[in-house]
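Beneath this line is the structure, given in structure tokens, with notes to follow.
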There are 2 protein chains.
Amino acid sequence: MPRDHRRAKSIRVLLAEDQGMLRGALALLLGMEADIEVVAQVGAGDAIVDAALTHRPDVALLDIELPGMSGLDAAAELRTQVPDCRVLILTTFGRPGYLRRAMEAGAAGFLVKDGPVEDLAAAIRRVLSGETVVDPALAAAALSAGPNPLTARECDVLKASAGGATVADIAAGLHLSESTVRNYLSSAIGKTGTRNRMEAMREARQQGWL
Amino acid sequence: MPRDHRRAKSIRVLLAEDQGMLRGALALLLGMEADIEVVAQVGAGDAIVDAALTHRPDVALLDIELPGMSGLDAAAELRTQVPDCRVLILTTFGRPGYLRRAMEAGAAGFLVKDGPVEDLAAAIRRVLSGETVVDPALAAAALSAGPNPLTARECDVLKASAGGATVADIAAGLHLSESTVRNYLSSAIGKTGTRNRMEAMREARQQGWL
DNA sequence: ATCCGGGCGGGACAAATGTCATGGCCGACC
DNA sequence: GGTCGGCCATGACATTTGTCCCGCCCGGAT
């Protein structure tokens, strides 16, 4: 005989968020909803799939920027490994490219960390009932921005150039010639319409292309 | 006749945090503590002092990175304009320089956003009772790291060089000659022991010097 | 009175960065 | 089979960046 005293079946939620305080606060608040139960909390991206396999949540609430594995990549993995689990992305940045990638990864919803906490439980319920939860303005922005024009290699080089790495550093890190690296950087700078690698990185990040 | 049903006087808290969801969640949780009352919530640094003057909180819980005015600057202002209000800094980054500046600004405590939510209410009570709340390991790091070696101008130039601005941009923005800008950048790079402006910025940020 | 240290700028030079043209290699697509 | 695009690489070149000189003006400390 189940020890659950509630009549309605409660919604099982997996919570992935690296900031301990926010994770704890959200878990407590969600746990107070009568029909919601937080069955797992993780602080790293590479723990998401394991936790989902173990606890079989109905909804996974995923941050994007996580140590280990991105929440977007985790969403894609969940799609195949735990297909019954619906994914709700919860992120600081409403970048067009993030939303696009979230949708391509099969996410059912996309929330930004601004906006009131009250939205959260509501979004979880709507997502579970089959709705897709996305801010319309953000969706429009994502559509009008168009897809990522950068090739995989150009993204690699931009990512590797973060933190002030020199061309030589990047070349060594990616096992490329220095000339090749400069060519990729140059073309990324061209495609982003910027003047140097820093601006190109900024722009690519802003768009959610990295 | 006061409508407050509790016997004990409750602790009046001002909450300054730009991320809406975290702000809302913390406000709800703190409000559930029997002896704590959130009397004001703000999402911008330049609203802190006004709100404190209006609502006369016992404790101000301040994020550092805020739009408008830094939580550290706001703490310094509170020190003079609302001296009875104790300041508890709540930040994502446990940078040594942040802790140092927080203490110099008269903060009574310094919490990082990792670590459990449960610490928060406890820290508020301890701060109010006169204790200073600081993670000992972080305090040691701040002490051993030494003070900021950069001059005010060097900081300005580093800040202005964020986002990929060229020397010409920085010079124009700060009304300086390009030679001067390059000299400041060079000396900042030297003092940080780095190889270029990007690394210098990274390091200076890491240390909390900006 | 002298000596810092900081703010500001100039000039010269080496190194890093960004651009461009060119070419080979591959796989996908028509 | 031909074409196109991505990946990788060279070499030459202009521009930017970083370094090291030098100098001037100030205000505060000794």
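Remember, it's a predicted structure, so these values are computed and weren't measured experimentally. Numbers restart at 1 for each chain; the letters A, B, ... are given by sequence-line order, proteins then strands.
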Interatomic distance, B:Glu199 CD vs D:dG18 P [rounded to whole Å]: 11 Å

No-H, no-angle donor-acceptor pair, A:Asn183 side chain to D:dC8 base, under 3.5 Å: no

Under 3.5 Å donor-acceptor pair, A:Asn196 side-chain atoms to D:dT17 base atoms: no

Reference residue B:Arg205; test side chain to side chain contact (heavy atoms under 4.5 Å, CB included); the match among B:Gln207, B:Glu203, B:Met201: B:Met201

Whole angstrom value for the distance that separates C1' of D:dG5 from CG of A:Leu150: 15 Å

Nearest-nucleotide 5' precedence on DNA chain D, B:Arg182 against A:Glu178: A:Glu178

Test side chain to side chain contact (heavy atoms under 4.5 Å, CB included) applied to A:Met21 and B:Leu90, B:Leu29, B:Asp114, the passing residue: B:Leu90

Candidates D:dG18, D:dC7, D:dT17 - which lies nearest the side chain of A:Tyr184: D:dC7

Spacing between B:Leu176 atom CG and D:dC25 atom P, to the nearest angstrom: 19 Å

Pair A:Thr180, A:Asn183: side-chain N/O donor-acceptor within cut-off below 3.5 Å: no

Residues, nucleotides or ligands: over 12 heavy atoms within 6.0 Å of B:Arg202 CZ: no

Touch class at under 4.0 angstrom, heavy-atom based, for A:Arg153 against every strand present: sugar-phosphate

B:Thr180 vs A:Gly164, nearer the 5' end of DNA chain C by closest nucleotide: B:Thr180

Sidechain N-carboxylate O distance under 4.0 Å for B:Asp63, B:Lys113: yes

Rounded interatomic separation in angstrom, taking CD from A:Glu154 and C1' from D:dG6: 9 Å

Presence of B:Thr166 side-chain N/O under 4.0 Å of D:dT16 phosphate oxygens OP1/OP2: no

Touch class at under 4.0 angstrom, heavy-atom based, for A:Thr151 against every strand present: sugar-phosphate

Range on DNA chain C touched by chain A - first to last nucleotide, heavy-atom distance under 4.0 Å: C:dT17 to C:dC20

Under 3.5 Å: donor-acceptor pair, side chain of A:Asn196, backbone of B:Gly164: yes

Touch class at under 4.0 angstrom, heavy-atom based, for A:Ser177 against every strand present: sugar-phosphate

Integer-rounded Å distance: D:dA14 C1' and A:Arg195 CZ: 17 Å

B:Arg197 CZ - D:dT19 P separation (whole Å): 10 Å

Polar contact flag, side-chain donor to acceptor under 3.5 angstrom, B:Glu199-B:Thr192: no

